[in-house]
Amino acid sequence: MFRYCVLLIFAILSQFPASVRAEVVATFYSHDFGENFPHAFVRLKGKVDSTGEAVDTNYGFTAVNVSPAILMGSVKGIVETRRAHYVAASQPHFSVQLSDAEYMRFMAFVEKWRNLPGKSYHLGRRNCAHFAMEAAALLGLSVNRQSRYFKKPKTFLIEVMGLNKGLKP
């Protein structure tokens, strides 16, 4: 009888989808101001469960040419991936574990920003902190769309942490 109960429980449990724990982690970083951009970016590291694809990359949004023109209005923008030494010299603020579906949505988000037409970068309306904000919102985090810290990426990411009490550095 015990054996039949165990088999019945196993049969019932096998009807539920397995809880797959994603292995890709998105970490939000800031980089102190200087000549290198972007100052806020997201690093993805881990392995995609469904494909086994190894992931170790990062994305941030910045102006194609950093010049005084960014102070005057919109300029051409670009999604950039920075080298390991840039990431190592930057400050991680918080991490979020991604499901495969979230990873795929994130990659579609990156492509959307990569393909923005025309002069897509604007210091006050679409900069690296806005990119980080939209990435955080995409992943289900609370964000302040009226933040006064869009020109202060480090402070902006600290604000996001404050809005999402479960986040850990």
Side-chain angles (χ1 to χ4, degrees), residues 21-46 55-116 118-169:
R21 189 158 180 87
E23 294 182 34
V24 176
V25 175
T27 303
F28 288 72
Y29 283 80
S30 69
H31 190 86
D32 287 337
F33 286 109
E35 61 189 55
N36 296 309
F37 293 80
H39 294 119
F41 62 96
V42 183
R43 179 183 187 194
L44 302 175
K45 185 168 175 56
V55 176
D56 188 359
T57 191
N58 61 82
Y59 302 100
F61 187 71
T62 190
V64 170
N65 296 307
V66 178
S67 71
I70 66 172
L71 301 174
M72 307 299 229
S74 296
V75 297
K76 189 164 174 58
I78 187 171
V79 172
E80 278 197 339
T81 298
R82 301 301 302 200
R83 294 181 187 229
H85 71 276
Y86 186 85
V87 175
S90 301
Q91 180 179 355
H93 290 278
F94 56 87
S95 296
V96 179
Q97 198 162 14
L98 307 184
S99 67
D100 280 6
E102 288 169 325
Y103 171 75
M104 298 308 259
R105 281 196 312 270
F106 190 91
M107 295 310 297
F109 160 80
V110 168
E111 285 306 305
K112 177 183 170 189
W113 277 69
R114 185 173 277 144
N115 294 311
L116 289 171
K119 296 180 176 182
S120 55
Y121 182 92
H122 189 283
L123 188 59
R125 292 191 302 264
R126 189 182 289 141
N127 65 24
C128 62
H130 291 92
F131 178 86
M133 175 187 67
E134 295 300 338
L138 176 81
L139 299 176
L141 299 177
S142 295
V143 297
N144 177 5
R145 294 189 179 279
Q146 305 303 315
S147 178
R148 63 180 195 235
Y149 301 120
F150 286 125
K151 293 181 185 174
K152 298 180 178 183
K154 179 179 181 176
T155 306
F156 175 76
L157 291 174
I158 291 169
E159 179 183 55
V160 172
M161 282 186 68
L163 294 171
N164 298 274
K165 298 298 181 191
L167 294 178
K168 296 180 181 175

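Atom set for the values below is all heavy atoms of this structure, side chains included, hydrogens, waters and symmetry mates excluded. All values derive from a computational prediction rather than experimental measurement.
- Counting heavy atoms from C-beta outward, Phe28 and Val160 have side chains that stay 4.5 Å or more apart.
- Ring-centre distance between Phe131 and Phe109: below the 6.0 Å cut-off.
- The side-chain contact (heavy atoms from CB on, under 4.5 Å) search around Thr57 returns Leu44, Val55, Tyr59, Thr81, not counting sequence neighbours.
- Annotation: salt bridge (Lys or Arg N to Asp or Glu O under 4.0 Å) contacts involving residues 123-133, sequence neighbours excluded, are absent.
- Across every non-hydrogen atom of Ser90 and Ser30, the tightest pair is CB-O, 3.3 Å.
- With sequence neighbours excluded, the residues that form a side-chain hydrogen bond (donor to acceptor under 3.5 Å, both in side chains) with Arg114 are Glu111.
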Please tabulate, for the side chains in residues 136-145, all donor-acceptor contacts under 3.5 angstrom to protein atoms that are two or more places apart in sequence or on a different chain.
residue, atom, partner, partner atom, Å
Asn144, OD1, Gln146, N, 2.9
Asn144, OD1, Ser147, N, 3.3
Asn144, ND2, Glu159, OE2, 3.1
Arg145, NH1, Glu134, OE1, 3.4
Arg145, NH1, Glu134, OE2, 2.6
Arg145, NH2, Glu134, OE1, 3.4

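- Applying the side-chain contact (heavy atoms from CB on, under 4.5 Å) rule to Ala129 yields the partners Asn127, Phe150, Phe156; only residues at least two apart in sequence or on another chain are considered.
- Every residue two or more places apart in sequence or in another chain that forms a side-chain hydrogen bond (donor to acceptor under 3.5 Å, both in side chains) with Arg43 is listed here: Asp56.
- Taking the ring centroids of His130 and Phe61, they lie at or beyond the 6.0 Å cut-off.
- Residues meeting the side-chain hydrogen bond (donor to acceptor under 3.5 Å, both in side chains) test with Ser74, sequence neighbours left out: none.
- Using a 4.5 Å heavy-atom cutoff, the side chains of Met133 and Tyr149 are not in contact.
- Separation of atoms CG (Leu116) and CD1 (Ile78) is listed at 12.0 Å; rounding is to 0.5 Å.
- Ala84 is linked by a side-chain contact (heavy atoms from CB on, under 4.5 Å) to nothing, counting only residues two or more places apart in sequence or in another chain.
- To the nearest 0.5 Å, the span separating CD1 on Ile158 from CD on Gln91 amounts to 6.5 Å.
- In terms of modelled atom types and a separation under 3.5 Å, the side chain of Ser120 and the main chain of Gly77 share a donor-acceptor contact.
- Under the rule for a side-chain contact (heavy atoms from CB on, under 4.5 Å), the partners of Thr27 that lie at least two apart in sequence or sit in another chain are Val25, Tyr29, Pro92, Ser95.
- In this structure, the side chains of Tyr86 and Asn58 stay at 4.5 Å or more apart for every pair of heavy atoms.
- Note that NZ of Lys154 and NE2 of His39 are 12.5 Å apart. Values are rounded to the nearest 0.5 Å.
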